[in-house]
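Presented below is the structure to which this report refers.
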Amino acid sequence: MNLATDKMVPLVMALSVALLALTACNGNGNAVATAPAPRKQVLSMPAQVGQLAFFDKNLSSGRNMSCASCHDPQYAYGPPNSISVQLGSDIKQTGARAVPSLRYKESTPPFSEDAPNPDGVTSNSPGGGFMWDGRGTTTMAAQAALPLLNPVEMNNSSKEAVVKAVQNGAYAGLFKQTFGANVFDNTDAAFDALGTAIQALETEDLSFHPYSSKYDLYVFNKIGGVLTPAERRGEVLFHSTGVTNCSGCHYTGANFNGNSGLMTDFTYQALGAPRNDRSIPNNPDPIPANDDPAYFDMGLCGPFRTDYMPAPGKAHPYCGMFKVPVLRNAATRGAFFHNGVLHSLEQVVNFYNTRDTNPEYWYPSHGDGTGKPQANPVWALQPTAVPGATVDKYNDLPPVQQGNVDEEMPMGTGEGGEKTLASGTKPRAPGATPVMTPQQIADLVCFLGTLSDGYQPSSAPSASGRCVK
Ligand code: HEC
Ligand code: HEC
């Protein structure tokens, strides 16, 4: 990890704002407990408009949903519940993807098929852009049009309907003052101005990038001892190329705008997440679109983006790829991966650990096994499995696209692999010992917990709790 670069200066400045309210450290490195004074931030006029728009339910067809309904500031601008995919404004239709947090999006470069990797080593690949599939290709301003007009989100029939709602709303005056007295005369210009306003909010407002986690205090302020032994072990594991390789994709170094520790390299990867459908027993919220066995959400190659769609029956190297998410505030989420199929961090880390050694934990199997069904661990998606049954591995991708799934992730070095990958490592065969121990999984989850914003340092660290020792 090389964080000591001059690119960090803007971050350090942002942090010093965040830390302004903290008094000096006491002698042994623990920050003294002083409640930070509430920060008063002066937003530009476009950002003030953006703030009113972000919380404005009139911008949805049913007047029942604002951006904040799905991107809730109390939940790091992510979803306020653990439902896999949220209901849209018309209440009848659900979306097909989990709601991402809107924090730390200001560093996202535009989508490019040939994007440089921020680590400066990995070769260029598809990277950048907004949405799980990068189809919000350019700016957050242009991106705002997507939810406003999406039938499964805010469900407006036209730009005109949105502009009318602003024009008839409480902040029409401020909108005109900001974007010109005649701004409502031209629907396209007014709609674009609304996008500009929301982007101004998302980039300016410190609550969209507070850098106020325990991890920030630890890494950037170099306060030794702020991480507990369990969190520190988790951090080391997160960076270990031999064991987890987490930071190989969830990159922690300086990003393109100089900020560090976002935990993404903005690339697209295929992990083979299980299909979120009724093949999972007791599934609380299967994705309705998945009732159609011919429907597949393949990320970069469709169906929501259409520029990399595969020819019928042919493989395309991008099918199954989704954006590497920012892991900050992941611990405050209740639905993980693009289809929200997993519901806890423990489950996510166990998925990485056992996808290849025990696929029967995650994917449905055919009934050709022998003997009685055996109980799977509590965190598995499939509660039981019949020994010897054929597992429908990677069941959320058509068979012809399954070769894209990353077999090196996160640890192809385990024993028992039947073939050697280009890098010289081996995928782990079914039945091999998973590479991480339960203790290591617990430590990783503890480390991920340090990435949540709003950490309040205390002079007396608590003496109990699962992440202490
Ligand atoms: C019904 C829930 C819902 C509402 C309302 C909603 N969004 Fe979203 N938002 C989503 C989902 C789901 C995604 C991911 C969609 C995808 O990847 O296809 C998303 C993605 C995004 C992204 C991209 C984030 C990333 O990680 O690339 C931005 C930015 C965003 N929304 C902003 C907004 C704004 C601004 C509004 C209000 C104008 C809004 N959203 C309203 C559900 C919602
Ligand atoms: C090969 C690249 C790669 C590696 C290595 C990797 N990840 Fe991921 N991670 C991803 C991608 C891509 C997704 C999203 C997958 C999807 O939605 O289908 C993801 C999703 C996640 C999520 C869910 C976040 C959310 O908001 O839904 C967590 C948590 C996570 N990874 C943690 C880890 C940990 C811990 C490790 C190491 C054990 C790790 N990852 C290794 C690429 C990677």
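Heavy-atom basis, side chains included; hydrogens, waters and symmetry copies ignored. For ligands, and for the atoms within them, numbers begin at 1 and follow the listed sequence.
- A salt bridge links Asp356 to Lys393: one of the charged nitrogens lies within less than 4.0 Å of a carboxylate oxygen.
- Taking the six-membered ring for Trp and the full ring otherwise, the centers of Tyr215 and Phe447 sit less than 6.0 Å from each other.
- Judged by distance alone, the side chain of Ser60 and the main-chain N or O of Met65 form a donor-acceptor pair under 3.5 Å.
- Aromatic rings from His209 and Tyr104 are positioned such that their centres are separated by 6.0 Å or more.
- Considering backbone and side-chain atoms alike, Trp132 places an N or O below 3.5 Å from some N or O of ligand 1.
- For ligand 2, none of its N or O atoms has an N or O atom of Asp406 under 3.5 Å away.
- In this structure, Phe184 has its ring center closer than 6.0 angstrom to the ring center of Phe175.
- In Leu345, the part holding a heavy atom less than 4.0 Å from any atom of ligand 2 is the side chain.
- Residue-to-ligand polar distances place Arg97 within reach of ligand 1: an N/O pair is separated by less than 3.5 Å.
- Atoms of ligand 2 lying under 4.0 Å from any heavy atom of Phe322, numbered from 1 in the order shown and given with element: 12 (C), 18 (O).
- A side-chain donor-acceptor contact under 3.5 Å links Arg275 to the backbone of Asn290.
- Heavy-atom proximity to Lys323, at under 4.0 Å, picks out these atoms of ligand 1: 25 (C), 26 (O), 27 (O).
- Interface atoms of ligand 2 facing Asn245, defined by a heavy-atom separation under 4.0 Å, are 5 (C).
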Legend entry - ring pair (Phe, Tyr, Trp, His ring centres under 6.0 Å) between Phe351 and Phe337, worked out: CA-CA 11 Å; Phe351 172 74; Phe337 286 177; 5.7 Å; yes
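- The closest approach between Gly248 and ligand 2 stays at or above 4.0 Å for every heavy atom of the residue.
- Ligand 2 places these atoms under 4.0 Å from at least one heavy atom of Arg333: 26 (O).
- A distance-only check finds no donor-acceptor pair linking the side chain of Gln347 to the backbone of Val341 [under 3.5 Å].
- Residue nearest to atom 43 (C) of ligand 2, selected from Ala270, Ser344, Cys249: Cys249 (by heavy-atom distance).
- The backbone and the side chain of Met131 each have at least one atom closer than 4.0 Å to an atom of ligand 1 (non-hydrogen atoms only).
- For the atom pair CE (Met140) and CD1 (Ile198), the distance works out to 11.0 Å, reported to the nearest 0.5 Å.
- Not a single N, O or S atom of Gln269, from either the backbone or the side chain, sits less than 2.8 Å from atom 8 (Fe) of ligand 2.
- The ring of Tyr318 has its center no closer than 6.0 angstrom to the ring center of Tyr268.
- Evaluated by nearest non-hydrogen atom to atom 38 (C) of ligand 1, the leading choice among Cys67, Ala145, Gly128, Ala68 is Cys67.
- Looking at Met321 against ligand 2, nothing comes within 4.0 Å, counting heavy atoms.
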Inset, instruction - I would like to know whether Phe191 and Asn186 meet side-chain contact (heavy atoms from CB on, under 4.5 Å); could you show each step before the answer? - result: CA-CA 9 Å; Phe191 189 82; Asn186 179 330; over 6 Å; no
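- Considering backbone and side-chain N/O atoms, Asp133 never comes within less than 3.5 Å of an N/O atom of ligand 1.
- In Pro147, the part holding a heavy atom less than 4.0 Å from any atom of ligand 1 is the side chain.
- The shell of residues lying under 4.0 angstrom from ligand 1, judged by heavy atoms, includes Ser66.
- For a threshold of 3.5 Å applied to N or O pairs, the pair formed by Phe337 and ligand 2 contains at least one separation below that value.
- The Arg135 neighbourhood of ligand 1 comprises atoms 16 (C), 18 (O), with distances under 4.0 Å to a heavy atom of that residue.
- Ring pair Phe266/Phe111: centre-to-centre distance not below 6.0 Å.
- Counting heavy atoms of neighbouring residues, nucleotides and ligands inside a 6.0 Å radius, atom OH of Tyr455 exceeds 12 of them.
- Those atoms of ligand 1 that come under 4.0 Å of a heavy atom in Ile198, given as number and element, are 35 (C).
- With a 4.0 Å cut-off on non-hydrogen atoms, Asn339 does not touch ligand 2 at all.
- In this structure, Met321 and Gln269 have side chains that are not in contact, with every pair of non-hydrogen atoms separated by 4.5 Å or more.
- Between the side chain of Trp132 and the backbone N or O of Asn339 there is no donor-acceptor pair closer than 3.5 Å.
- Contacts between His250 and ligand 2 below 4.0 angstrom, taking non-hydrogen atoms only, involve the side chain exclusively.
- Atom 14 (C) of ligand 1 has its nearest heavy-atom neighbour, among Pro100, Ser101, Ala53, in Pro100.
- Residue-ligand proximity: His338 is placed with every non-hydrogen atom at 4.0 Å or more from ligand 1.
- Close approach of ligand 1 to Glu202 is summarised as follows: ligand atoms under 4.0 Å from at least one heavy atom of the residue are 35 (C).
- Using a 4.0 Å cut-off between charged nitrogen and carboxylate oxygen, Lys323 and Asp265 do not count as a salt-bridge pair.
- A salt bridge does not link Asp216 to Lys214: none of the charged side-chain nitrogens sits closer than 4.0 Å to a carboxylate oxygen.
- Heavy atoms of Leu102 found under 4.0 angstrom from ligand 1 belong exclusively to the side chain.
- Gln143 contributes no side-chain N or O that, together with a main-chain N or O of Gly136, makes up a donor-acceptor pair within less than 3.5 Å.
- With a heavy-atom cut-off of 4.0 Å, Phe336 touches ligand 2 through backbone and side chain alike.
- Residue Ala98 places a heavy atom under 4.0 Å from ligand 1.
- Each of the following atoms of ligand 1 lies closer than 4.0 Å to a heavy atom of Cys70: 1 (C), 2 (C), 3 (C), 4 (C), 5 (C), 43 (C).
- Heavy-atom proximity to Lys105, at under 4.0 Å, picks out these atoms of ligand 1: 25 (C), 26 (O).
- Of all atoms in ligand 2, numbered sequentially from 1 with element shown, those under 4.0 Å from a heavy atom of Cys246 are 34 (C), 35 (C), 36 (C), 37 (C), 38 (C), 39 (C), 41 (C).
- Taking a cut-off of under 4.0 Å to the non-hydrogen atoms of Gln143, the atoms of ligand 1 that pass are 21 (C), 22 (C), 23 (C), 28 (C), 29 (C), 30 (C), 31 (N), 32 (C).
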